[in-house]
Amino acid sequence: MPFQNNISWVFYVMVTAAIQFSSAFLLPQSHDGVSAIDSRKFISSAVEPGDLQQQQQKLDYASLKTVMPRHESNDEVNQMLEKCEAFLCEIHDGELLSSNLEDETNGILNLSRTNCFDSDVEEASASERVFANTYTDLGRVDTVGFDFDYTLVTYTNSLLEMIYDMALDRLVNDCSYPAGLLDSGLKFDADFSIRGLAVDRETGWICQLCYTHKVAVAWEGREKVSKQRLIEAYRGKRRLTPTERKERLKPLNDLFSMAECCLVADVVQFFKERSIPFHAASVVKDVLASIGKTHISGNFHRIVAQNPEKYFEPKPYLAGVLRTMREAGKKLIFVSNSPYWYVDAGMRYVVGESWRDDWEIVIVSAGKPLFYTDSRRPFREVSVETGRVKFKKIDKLERSEVYCEGCLKELIRCAEWNLKIDDANGLEPLSSNVLYLGDSLFADLVDAKRQYGWTTAAVTPEVGWEVEKSRGTEYEAARQTIDLLLHTLRQVQIILGNGARTQEDSLLLDEIETMVSKW
């Protein structure tokens with residue numbers, strides 16, 4: 001992936017600069033409420049080859065940059081529109097910069113934006129940053145926990161390519177899908193999908209919802225679904241109730257799910273191009289089952305463990321960062337859903353043979369999120385020599401051992417953390433002295449924060465891509481244009497007054513609002 005995160009650098013910034021950490025990370029939203037990530041390949045290739053209507057829309061869109069509508073009879077309104085049009089020309093000719101836009105408009109517009117990045121940090125890549133939406137003093141944090149996959153270690157695209165190929169092979173050999181799927185050149189496309197999408201189990205569409213839970217855009221195979229079909233499928237406003245979303249949509253929350261998203265789209269496209277009748281719901285069910293069996297079988301885990309240099313990205317800073325944390329008095333806990341033999345292979349590659357020396361507690365096969373929600377799961381010890389799970393009762397977690405399963409309630413008890421436990425109502429909330437980092441909002445972070453008060457941090461490389469995009473001249477011109485159009489709309493409304501609107505008044509306001517919505 002072009003914007004794969006360097007998590008070691010994130011850790012380095014966190015420890016050495018004492019940056020205030022967040023309890024959750026939110027993806028920036030564009031003006032229509034859809035994530036700015038939309039402009040990646042999943043969204044940007046919306047114009048279909050040969051579609052004259054789409055091409056015409058692109059031409060019309062270009063004229064929107066500088067041409068304002070006019071009122072048929074109100075000269076004062078037209079003067080305001082002429083000013084706006086002049087500023088639009090300057091914005092899109094590159095003559096008006098964000099830093100002096102307010103001055104150029106003689107104070108009419110308040111469009112200045114404070115730079116949220118310090119000059120000494122500006123040199124770092126946006127994917128190597130820490131963003132916070134709440135504040136935590138790291139000096140007060142005494143325990144730091146980490147997930148493994150896509151947190152301590154990150155993977156090359158070779159891993160998702162292998163998962164895709166294995167699942168495709170299962171579709172053909174286990175589910176009797178056409179053998180032509182294997183000969184058609186289907187491969188995992190790293191640029192097609194992003195986290196935050198969802199698969200519609202009924203239609204097989206790959207959907208993206210905006211913050212109001214409306215289906216903003218969808219793809220059937222590799223072809224964009226028309227607005228009319230979206231309206232027909234999702235009852236006009238394209239909005240699903242919470243119950244419908246839960247039953248109908250399968251969220252793609254982690255980076256592993258990018259393979260299943262791509263495979264669903266490719267299989268659907270294969271059937272469409274060859275006019276093969278298919279039931280979309282069955283395709284989705286079969287693909288998800290094939291991906292699930294690929295994970296459960298452990299086949300790809302064994303291949304990765306045997307070839308770490310091919311599948312794991314090197315983390316040259318990680319060992320030093322963990323050591324710095326430990327020297328600063330932080331207790332480090334390792335909580336992963338992966339089995340020990342797999343974790344051991346990855347950590348030996350990125351940290352070294354003695355990687356377990358850094359950790360106060362090592363927990364594998366944790367089964368998150370059940371690790372947080374099920375209070376009746378005891379810990380079991382794992383032999384570091386054979387990988388065998390032992391049968392003895394665990395009353396205390398030893399620093400040199402490895403444990404599996406368990407739950408947070410047992411972790412607090414066996415680690416002898418100073419926390420009261422209410423047997424009737426469960427755990428009292430933990431204070432913010434525990435910080436946990438993971439890549440999956442739902443599996444790693446939500447319950448830890450919501451139920452137990454942990455401060456949580458999400459490893460989200462996509463945010464870095466969005467920040468880089470937002471610094472570009474095209475994005476800045478679009479932002480200035482929207483701000484200018486909204487200000488002009490308000491000024492026109494003021495000039496027209498609070499009385500009854502004429503047909504010409506309403507038409508003009510509608511045209512300006514349409515311009516804003518299209519940006």
Side-chain angles (χ1 to χ4, degrees), residues 11 14 21-25 134 136 138 140-152 253-254 322 325-326 329-340 342-343 347 356 358-382 389-459:
F11 294 159
M14 180 183 71
F21 235 84
S22 73
S23 62
F25 281 66
T134 190
T136 300
L138 284 179
R140 296 177 180 270
V141 171
D142 57 35
T143 303
V144 183
F146 294 90
D147 182 34
F148 175 70
D149 293 304
Y150 286 108
T151 302
L152 287 170
N253 295 322
D254 56 47
L322 296 175
M325 285 187 176
R326 202 158 36 85
K330 311 299 183 187
K331 298 178 181 178
L332 301 184
I333 60 174
F334 184 107
V335 185
S336 171
N337 286 349
S338 296
Y340 172 70
Y342 181 71
V343 164
M347 292 299 289
R356 287 190 291 113
D358 294 322
W359 302 90
E360 192 79 16
I361 298 171
V362 176
I363 302 170
V364 297
S365 302
K368 294 174 293 183
L370 284 179
F371 181 81
Y372 302 115
T373 58
D374 189 343
S375 61
R376 298 180 299 275
R377 300 171 77 222
F379 281 108
R380 300 183 67 178
E381 185 178 329
V382 179
V389 177
K390 301 180 181 180
F391 300 98
K392 65 180 182 179
K393 182 179 180 181
I394 304 300
D395 290 314
K396 184 178 181 179
L397 300 180
E398 302 289 345
R399 195 175 192 280
S400 59
E401 303 297 341
V402 175
Y403 303 92
C404 67
E405 301 180 16
C407 61
L408 186 56
K409 181 177 180 179
E410 283 294 294
L411 171 62
I412 294 168
R413 182 182 71 83
C414 296
E416 299 180 346
W417 284 355
N418 185 22
L419 178 69
K420 295 180 180 179
I421 298 179
D422 185 341
D423 291 332
N425 300 314
L427 295 175
E428 293 183 357
L430 287 172
S431 63
S432 59
N433 64 340
V434 179
L435 170 67
Y436 187 78
L437 297 93
D439 71 298
S440 175
L441 293 177
F442 293 94
D444 295 322
L445 307 177
V446 170
D447 290 316
K449 172 65 180 177
R450 182 182 297 166
Q451 298 193 38
Y452 305 115
W454 284 11
T455 300
T456 55
V459 180

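The shown structure was predicted, so the numbers you read here are calculated from the model rather than taken from an experiment.
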Participant: Do the side chains of Met325 and Phe146 get nearer than 4.5 Å, heavy atoms only?
Facilitator: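 When only atoms from C-beta onward are counted, Met325 and Phe146 do touch, with a gap below 4.5 Å.
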Participant: What heavy-atom pair brings Val402 and Val364 nearest, and what distance separates the two atoms?
Facilitator: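 Here Val402 and Val364 meet closest at CG1-CG2, 4.0 Å.
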Participant: Side-chain contact test, heavy atoms from C-beta onward, threshold under 4.5 Å: evaluate it for Arg380 versus Phe391 and give yes or no.
Facilitator: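 In contact.
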Participant: For the atom pair SG (Cys414) and NZ (Lys409), what is the distance rounded to the nearest 0.5 Å?
Facilitator: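 It comes to 11.5 Å.
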Participant: Taking all non-hydrogen atoms of both residues into account, name the closest pair between Lys392 and Glu381 and its distance.
Facilitator: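 Closest pair (atom of Lys392, atom of Glu381, distance): CE-OE1, 2.6 Å.
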Participant: Would you compute the distance between atom CD1 of Ile361 and atom CD of Glu398 and round it to the nearest 0.5 angstrom?
Facilitator: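 Rounded to the nearest 0.5 Å, the CD1-CD separation comes out at 10.5 Å.
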Participant: Heavy atoms only: give me the nearest Thr151-Leu437 pair and the separation to one decimal.
Facilitator: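 For Thr151 versus Leu437, the nearest heavy atoms are CG2-O, 3.7 Å.
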Participant: Pair Trp454, Leu408 - check side chain to side chain contact (heavy atoms under 4.5 Å, CB included), show working.
Facilitator: CA-CA 12 Å; Trp454 284 11; Leu408 186 56; 3.4 Å; yes
Participant: Between Trp359 and Met347, does the side chain to side chain contact (heavy atoms under 4.5 Å, CB included) criterion hold? Intermediate values first, please.
Facilitator: CA-CA 12 Å; Trp359 302 90; Met347 292 299 289; 4.2 Å; yes
Participant: Under the side-chain hydrogen bond (donor to acceptor under 3.5 Å, both in side chains) test, which residues partner Lys330, sequence neighbours left out?
Facilitator: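 By the side-chain hydrogen bond (donor to acceptor under 3.5 Å, both in side chains) rule, Lys330 matches no residue at all.
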Participant: Are any of the side-chain heavy atoms of Cys407 and Asp374 separated by less than 4.5 Å?
Facilitator: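 Cys407 vs Asp374: side chains apart.
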Participant: How about Tyr340 and Val389: do any of their side-chain heavy atoms sit closer than 4.5 Å?
Facilitator: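 No, every pair of side-chain atoms sits at 4.5 Å or beyond.
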Participant: Parallel, tilted or perpendicular: which describes the rings of Phe334 and Phe148, with under 30° parallel and over 60° perpendicular?
Facilitator: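 If you compare the ring of Phe334 with that of Phe148, the planes turn out tilted.
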Participant: So, taking the atom named CG in Leu332 and the one named CG in Leu322, what distance separates them when rounded to the nearest 0.5 Å?
Facilitator: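 One gets 6.0 Å once the value is rounded to the nearest 0.5 Å.
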Participant: Do you know which two heavy atoms are closest between Tyr403 and Lys396, and how far apart they sit?
Facilitator: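 Of all heavy-atom pairs spanning Tyr403 and Lys396, the closest is OH-O, 3.6 Å.
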Participant: Write down the atom of Ser338, the atom of Ser336, and the distance for their closest heavy-atom approach.
Facilitator: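 Ser338 and Ser336 have their closest heavy atoms at N-OG, 3.0 Å.
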Participant: Would you mind telling me which of Asp142, Thr455, Thr456 makes a side-chain contact (heavy atoms from CB on, under 4.5 Å) with Leu435?
Facilitator: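 Between Leu435 and the candidates, side-chain contact (heavy atoms from CB on, under 4.5 Å) is satisfied uniquely by Thr455.
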Participant: Taking the side chain as everything from C-beta on, heavy atoms only, tell me whether Ile363 gets closer than 4.5 Å to Ile333.
Facilitator: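 Of all side-chain heavy-atom pairs linking Ile333 with Ile363, none is under 4.5 Å.
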Participant: With Ser365, which residues qualify under side-chain contact (heavy atoms from CB on, under 4.5 Å), at least two apart?
Facilitator: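 By the side-chain contact (heavy atoms from CB on, under 4.5 Å) rule, Ser365 matches Pro339, Cys404.
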Participant: Heavy atoms only: give me the nearest Val335-Tyr436 pair and the separation to one decimal.
Facilitator: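 Heavy atoms only, the tightest pair is O-OH, 2.9 Å.
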Participant: Could you measure the distance from the CD1 atom of Ile412 to the CG atom of Leu397? Nearest 0.5 Å is fine.
Facilitator: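 Result: 11.5 Å between the selected atoms.
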Participant: What is the distance from atom CG of Leu152 to atom CG of Asp439, rounded to the nearest 0.5 Å?
Facilitator: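 Rounded to the nearest 0.5 Å, the CG-CG separation comes to 10.5 Å.
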Participant: Please report the interatomic distance CG(Asp149) to CG(Asn337), rounded to the nearest 0.5 Å.
Facilitator: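 Result: 8.0 Å between the selected atoms.
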Participant: Using side-chain heavy atoms (C-beta onward) and a distance below 4.5 Å, is Arg413 in contact with Asp395?
Facilitator: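 Answer yes - side chains close enough.
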